[in-house]
Each structure stands twice: as structure tokens, then as C-alpha cells.
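Working notes, beginning with the structure itself.
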Amino acid sequence: MEESGYESVLCVKPDVHVYRIPPRPTNRGYRAAEWQLDQPSWSGRLKITAKGQMAYIKLEDSTSGELFAQAPADQFSGTAVESVTDSSRYFVIHIEDGNRRQAFIGIGFGDRGDAFDFNVALQDHFKWVKQQCEFAKQAQNPDQSPKLDLGFKEGQTIKLNIANMKKKEGAAGNPRADPASTGGLSLLPPPPGGKTSTLIPPPGEQLSVRCGDPSSSQQHFSRRCFCTLATAQACHRCHC
């Protein structure tokens, strides 16, 4: 991955303490209880920056911003940064100066949340570095990326339910009558015992029904009757 030309800030904590630590006698790790925690050697601000793949832990003066010490880190949980074995608020960092002088010092946070943010900022940066390296390798060798195989394996079978398919086809071959095909009207027979409605002409309109016609159902209307009949009876007003 190409080195980035600018430096980004990952984390800033305004309150951090620096301690002188004794040499580690064995490989069991550092213990903060062996430090003089009530007498820090220096106090100030901590800043984590990133430039390309590298992360830099910088200790600066809280007022002037002058650099006190810097620890470059190329990986998480390496020699550059190491947690102590007896606390989550203290770490050991490997500082370097421009003259290649190196030293291990202890740092501690008064707030446990600040220590957590410090740890997570470094983890997230090196996770990003790992992803960028994998993307660069895939771009250089696209043929080596895993391909999706959708073919059948040897001896693999599938099961089709033909009975359900036939039922669906039979249902599709006998569609129900669409109400729209009858003009949107539902033609239903009259209820049992219901009377057939009698058409009453409006005033002034002739009704061509002849007396004595079986279809008239004993209704006697005149061709020139101007009466409106409310019931199916003979008109007594015009004597028709």
C-alpha cells in the first residue's frame, strides 16, 4: 500500500501521566503496581496520529503543544505498545527520537474510558491497514479471488413436486368469470317469494299494455293514462 502524504488525527486525550519503569525481570509482563504511581515523571496531552500504515503516539505539552516524546507503531499489540498485566489504565510504550535513542516508559490515564479509547483507536487503525493490504493484493491478482460455484456437485440431486405443479396448472386453466365481463353488474336471481317489480310510467308517457293480456297480471292501463299508479290496481281516477 502506498504511503499517504498527509497525517490524520485518530485520538486526543488531554490528561495522561508518564512514569519511569524498572526493567522487566522476566517474560511475565509489566505490572503497574511496581511503578511509583503517585509520582509521575511528566503529565500532559496524548495524541494518536496516522500517516499511511504507521501510527504515532505523541506526548505533547497541554498548553504549548510542544512534543515531549513520540512512539511510532507499525502494528497493534507489538513492541511499540504493550498493556500491563494488572490494570487496564496503564500501558508501556517504546519511544524514539530523531537521534535513534530509544526507551520504554509507562503511561497511565486517570479515566478508564480514556484508556479504552486509546486502545480502540490503535485497533481500528491497524484493522484498516490490514483491509487495505488485502484489497491491494486482490487488485493485483484478480484471478486468485474465490469464485462462486453454482454448479451441481457429483451425486447431488434435487426434488420437484410435480403434483403441486399440476394442481396449479389446472387452476390456471379454469379461471373464474370476471365481473367486469358482464359490464360490472352481478346478475342474481330474485329471492324466493319476491314480487316482480312493476314498471310505472312517468306522467305523460304512454305504456303499451293491452287489457286482458296475460302478461299484464290484471293491470288495466290506458294508452293515454296520465295518472301515476302507486300499486298494481286499476286506475279509478281516469276509469281505465
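Heads up: numbering here begins at 1 and tracks the sequence. These numbers come from a predicted model, not from an experiment.
- His94 and Thr79 share no donor-acceptor pair across their side chains, judged by distance under 3.5 Å alone.
- The shortest side-chain heavy-atom distance between Asp15 and Asp111 does not fall under the 4.5 Å cut-off.
- Using a 4.5 Å heavy-atom threshold, the side chains of Phe68 and Lys58 count as separate.
- Between the side chain of Asn99 and the backbone N or O of Arg101 there is no donor-acceptor pair closer than 3.5 Å.
- Counting heavy atoms from C-beta on, the side chains of Tyr30 and Glu82 come closer than 4.5 Å.
- Side-chain contact between Leu37 and Tyr19 is present, with at least one heavy-atom pair separated by less than 4.5 Å.
- Checked by atom type and distance alone, the side chain of His125 pairs as donor or acceptor with a backbone atom of Gln53 at under 3.5 Å.
- Not one N or O on the side chain of Asp114 forms a donor-acceptor pair closer than 3.5 Å with the backbone of Phe109.
- The environment of CD in Gln156 is crowded: more than 12 heavy-atom neighbours from other residues, nucleotides or ligands sit within 6.0 Å.
- A continuous path of ILVMFWY side-chain contacts below 4.5 Å connects Ile93 to Ile48, so both sit in one hydrophobic cluster.
- Hydrophobic clustering of Ile, Leu, Val, Met, Phe, Trp and Tyr side chains at less than 4.5 Å, counting indirect connections, keeps Ile95 apart from Phe104.
- Other residues, nucleotides and ligands place more than 12 heavy atoms under 6.0 Å from the CZ atom of Arg24.
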query: Where do His17 and Trp42 land on the side chain to side chain contact (heavy atoms under 4.5 Å, CB included) test, with the steps shown first?
result: CA-CA 6 Å; His17 306 289; Trp42 180 89; over 6 Å; no
query: Given Trp128 and Asp124, is the side chain to side chain contact (heavy atoms under 4.5 Å, CB included) satisfied, shown in steps?
result: CA-CA 6 Å; Trp128 174 82; Asp124 290 345; over 6 Å; no
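- Using a 4.0 Å cut-off between a side-chain N of Lys or Arg and a carboxylate O of Asp or Glu, Lys47 and Glu60 qualify as a salt bridge.
- With hydrogens and angles left out, the side-chain atoms of Thr85 and Arg28 include no donor and acceptor closer than 3.5 Å.
- Considering only heavy atoms from C-beta on, Val92 comes within 4.5 Å of Ile21 through its side chain.
- Tracing side-chain contacts under 4.5 Å through hydrophobic residues (I, L, V, M, F, W, Y), one reaches Phe126 starting from Ile57; they form part of the same cluster.
- Linking Ile, Leu, Val, Met, Phe, Trp and Tyr whenever their side-chain heavy atoms come within less than 4.5 Å puts Phe118 and Leu59 in one cluster.
- A donor-acceptor contact shorter than 3.5 Å is absent between the side chain of Asp97 and the backbone of Ala69.
- Between Asp61 and Arg45 no salt bridge is recorded (no basic side-chain N to carboxylate O distance below 4.0 Å).
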Criterion side chain to side chain contact (heavy atoms under 4.5 Å, CB included) on Glu7 and Thr49, from CA distance to verdict: CA-CA 6 Å; Glu7 190 174 30; Thr49 62; 2.8 Å; yes
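- In the hydrophobic cluster analysis, where Ile, Leu, Val, Met, Phe, Trp and Tyr join through side-chain heavy atoms closer than 4.5 angstrom, Trp35 is grouped apart from Phe91.
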